[in-house]
Amino acid sequence: MTVKLYVDGGTKGMVICLHDPQRNKTIVKRRPGASTNNDLEYLAIIYGIEYSKKYYPRDEILIHSDSKLAVNQINGEYRVNGDNLIKLHNKTLRKLNSHISIEWIRRDFNLAGIHLETFSDKLK
């Protein structure tokens, strides 16, 4: 069985979000030290990796993100620029293993992104 997780990061409120449909669980965490949306996208992916290792250590994991940049950088299709993104990219690669893959999905299919939009609306 492949476990699907959905992650997203958003600058409004400086938050990351993970949605786990198998456990019917959505987690939103503040990350005030992040300076850009790309930082938050990476932090959301890192959190998804850590979460999957804790709750699904023996399963195949597919982490969905709507950040084309982060997903393509992690998968080796785009070059990584900028000191902070290089650090986050390297941290992500160190945490990955052969049971975890990262895949891009459109924003309107990202369950974490949909939840994050609702959460961000409450911050207004």
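Computed from a predicted model, the values in this text were never measured in an experiment.
Contact annotation: the side chain of Leu93 approaches that of Ile74 to within less than 4.5 Å [non-hydrogen atoms, C-beta and beyond]. Side chains of His115 and Tyr6 form no contact here, defined as non-hydrogen atoms less than 4.5 Å apart.
Contact between Ser52 and Ile100 at its shortest, heavy atoms only, is OG-CD1, 3.6 Å. Pro21 and Lys4 get closest at one heavy-atom pair: CD-O, 3.3 Å. A pairwise comparison of heavy atoms in Asp8 and Ala44 identifies O-CB, 3.4 Å as the closest pair. Taking both residues in full, the closest heavy atoms of Ile105 and Asn110 are given as CD1-CA, 3.5 Å, listed atom of the first, atom of the second, then distance. Nearest approach of Tyr56 to Asp20, heavy atoms of both residues: OH-OD2, 2.8 Å. Nearest heavy atom pair, residue Lys68 against residue Tyr78, reads O-CE2, 4.1 Å.
Hydrophobic clustering places Leu40 together with Ile102 (ILVMFWY residues linked when any side-chain heavy atoms are closer than 4.5 Å, directly or through intermediates). Under the 4.5 Å side-chain heavy-atom criterion for grouping Ile, Leu, Val, Met, Phe, Trp and Tyr, Ile114 is not connected to Ile45 through any hydrophobic cluster. A continuous path of ILVMFWY side-chain contacts below 4.5 Å connects Ile27 to Leu5, so both sit in one hydrophobic cluster. Under a hydrophobic clustering in which Ile, Leu, Val, Met, Phe, Trp and Tyr are joined whenever their side-chain heavy atoms come within less than 4.5 Å, directly or via other members, Leu85 and Met14 fall into the same cluster. The hydrophobic clustering, which links ILVMFWY residues whose side-chain heavy atoms are closer than 4.5 Å, places Val3 and Leu62 apart.
Once rounded to the nearest 0.5 Å, the distance linking CD1 of Ile49 with CG of Leu96 reads 4.0 Å. Ile61 contributes atom CD1, which lies 8.0 Å from atom CE of Met1 (distance to the nearest 0.5 angstrom). Rounding to the nearest 0.5 Å gives a distance of 10.0 Å between CD of Glu41 and CD1 of Ile16. Here Leu116 contributes atom CG and Leu111 contributes atom CG; the two are 12.5 Å apart, rounded to the nearest 0.5 Å. To the nearest 0.5 angstrom, Ile63 atom CD1 is 8.0 Å from Ser101 atom OG. In this structure, Ser65 OG and Glu103 CD are separated by 10.5 Å, a value rounded to the nearest 0.5 Å.
Legend: residues meeting salt bridge (charged side-chain N to carboxylate O under 4.0 Å, His left out) with Arg58, ordered by chain and number and at least two apart, are absent. With sequence neighbours left out, the ring pair (Phe, Tyr, Trp, His ring centres under 6.0 Å) criterion links His19 to no other residue.
A donor-acceptor pair under 3.5 Å links the side-chain atoms of Asn97 to the main chain of His99, judged by distance alone.
The list of side-chain hydrogen bond (donor to acceptor under 3.5 Å, both in side chains) pairs with a residue in residues 83-94, not counting sequence neighbours, reads Asp39-Asn84.
More than 12 heavy atoms of other shown residues, nucleotides or ligands fall within 6.0 angstrom of atom CG in Asp108.
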Apply the test side chain to side chain contact (heavy atoms under 4.5 Å, CB included) to residues Tyr55 and Gln22: give CA-CA distance (whole Å), side-chain angles for both, the deciding distance (0.1 Å), then the verdict.
CA-CA 11 Å; Tyr55 292 102; Gln22 285 78 358; over 6 Å; no
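In this structure, Lys25 fails the cation-pi test against Tyr51, since its NZ or CZ atom is not both closer than 6.0 Å to the six-membered ring centre and inside 45 degrees of the ring normal.
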